[in-house]
Amino acid sequence: MKLGVVGLPNVGKSTLFNAITEAGAECANYPFCTIEPNVGIVAVPDARLDVLAEMYRTKKVTPAVLEFVDIAGLVKGAAAGEGLGNKFLSHIREVDAIVHVVRCFEDANIIHVSGGVDPLRDIEIINLELILSDAEIVGKRLDKAEKYVKTGEKAYLEEAALLRRLKEALDAARPVRTLTFSEAETALLKTFFLLTAKPVIYAANIGERDIGKENPSVKAVEAFAKAENAAVLTVCAKVEEEIAQLDRAERGVFLEELGLKTSGLDRIVKTGYDLLGLISYLTAGEKEVRAWTIKRGTKAPQAAGKIHSDFEKGFIRAEVVKYDDLAALGSYGAAKEKGRVRSEGKDYVFEDGDVVLFRFNV
């Protein structure tokens, strides 16, 4: 799953992305991978893996991961082809969710591209470019759908009705994610590949002196995010970059000194995971302890298919134990003895933290 990092110049976007990629490089359990200069992969924090690794005496631990893409090139007028224009928009089209970095700090040494700190204005600049791009797509699609409405086919009637709703929202400068949809509409919406339908995390970037203090700019971003069904996190990109350069033992001490429980990066990763409707199931043994990423609501055979297609084709059953039960009882054998290991069939819907052994035959 991909998260695209966007933001205007001098808001701290590159600093935060550098912190993300540096942290990825420092991740001992998952080798950092630079697919391109602007792409980094980081582990999803999961303390359960360490507990299972100790229980099964394994040295190989593979966490779930998220891919971050540093999307550069936005200027006002991108939807009309200014700057990198269409290239910028196409990069956003390829990600599953957006991390929108917004400047909420004052610094006379860092010039703001628009003349002063105003997070809502900055948000509006980027949102408007995405809205304009979506409006063009919806307009063309609606023209086509309305031509076919005359045939009386139900599919065209439903598509035209949905597109009219989308056009009305976009014409009012409202992102598509502010609307609610039925299950059928959601399925149809996915075929439009709209930019403003993507989930958003607003990363309110504050200065070091503002850590632990109330910040009016952050409050404004929080209110805005709530109104458009988006998530918001407060981070200090400069501090995140410093944290990423420390070894793991030092990071906890540094966070404690700042009065922080977790790093902003960990919170972004976890929020992104939740925002995309993802959960992890776990497999454990002497060879490897691993987290597997699946969509919430995935059934057992499809979950098995994440490991290998043969697991899905030849699925027989899944032996499942809840992580909390396994951790409390101390071993798989003890969990089985206490009746906590269940045999689940093809209709079982996986839950976060299920520890699983698949039985299959091909």
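We number each residue from 1, following the sequence as shown.
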On a heavy-atom basis, which atom in [X] and which in [Y] lie closest, and how many Å separate them?
X	Y	answer
Y156	A145	CB-O, 4.4 Å
I201	I268	CD1-O, 4.0 Å
S263	L255	N-CD1, 3.8 Å
K299	K346	CB-O, 3.7 Å
M55	G330	CG-O, 3.4 Å
E185	L162	O-CD2, 3.8 Å

Just wondering, are more than 12 heavy atoms of other shown residues or ligands nearer than 6.0 Å to [atom1] in [X]?
X	atom1	value
E288	CD	yes
E168	CD	no
F254	CZ	yes
E208	CD	yes
R209	CZ	no

Give a yes or no on whether the backbone of [Y] and the side-chain of [X] come within a donor-acceptor separation of less than 3.5 Å.
X	Y	value
T62	R290	no
E240	L265	yes
N361	G314	no
T186	S182	yes

Do [X] and [Y] have side chains that get closer than 4.5 Å, going by heavy atoms?
X	Y	answer
L326	L52	yes
I98	L130	yes
F350	K306	no
L166	F181	yes
M1	K295	yes
L282	V289	no
K144	L163	no
K287	K60	no

With K13, the side-chain hydrogen bond (donor to acceptor under 3.5 Å, both in side chains) member among D70, N18, N205: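 The single option meeting the side-chain hydrogen bond (donor to acceptor under 3.5 Å, both in side chains) with K13 is D70.
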
**Study point:** Partner of D354 by side-chain hydrogen bond (donor to acceptor under 3.5 Å, both in side chains), out of W292, Y281, Y348, Y323
**Key:**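 Of the listed options, the one satisfying the test is Y348.
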
Can you tell whether the side chains of [X] and [Y] come within less than 4.0 Å, N to carboxylate O?
X	Y	answer
K322	D324	no
D134	K198	no
E146	R164	yes
E136	K140	yes

Establish whether [X] and [Y] are linked, either directly or via other cluster members, by ILVMFWY side-chain heavy-atom contacts under 4.5 Å.
X	Y	result
V320	V349	no
V6	L233	yes
L132	F192	no
V200	L189	no
I125	L170	no

Using 0.5 Å steps for rounding, measure from the [atom1] atom of [X] to the [atom2] atom of [Y].
X	Y	atom1	atom2	value
E222	N215	CD	CG	9.0 Å
T196	I126	OG1	CD1	13.5 Å
L276	T271	CG	OG1	10.5 Å
R174	L179	CZ	CG	5.0 Å
L16	C236	CG	SG	10.0 Å
E67	I41	CD	CD1	5.0 Å

Quiz prompt | Test side-chain contact (heavy atoms from CB on, under 4.5 Å) applied to R177 and N229, step by step | solution = CA-CA 7 Å; R177 62 180 167 271; N229 301 324; 5.6 Å; no

Inset, instruction - Decide yes or no on side chain to side chain donor-acceptor pair (under 3.5 Å) for D46 and Y273, but give the supporting numbers first. - result: CA-CA 12 Å; D46 195 336; Y273 209 65; over 6 Å; no

Exercise. Could you please spell out the steps behind the side-chain contact (heavy atoms from CB on, under 4.5 Å) verdict for K167 and L142?
Key: CA-CA 9 Å; K167 185 177 186 306; L142 180 57; 3.8 Å; yes

- request: Take L357 and V341 through the test side-chain contact (heavy atoms from CB on, under 4.5 Å) and record every step on the way to the result.
  value: CA-CA 10 Å; L357 175 64; V341 179; over 6 Å; no

- request: For L8 and R121, run side-chain contact (heavy atoms from CB on, under 4.5 Å): C-alpha distance rounded to whole Å, both residues' side-chain angles, the deciding distance at 0.1 Å, then the answer.
  value: CA-CA 11 Å; L8 293 174; R121 176 205 56 215; 6.0 Å; no

T293, V44, D96 screened by side chain to side chain contact (heavy atoms under 4.5 Å, CB included) with L278, the one that passes: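 Only one option passes, and that is T293.
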
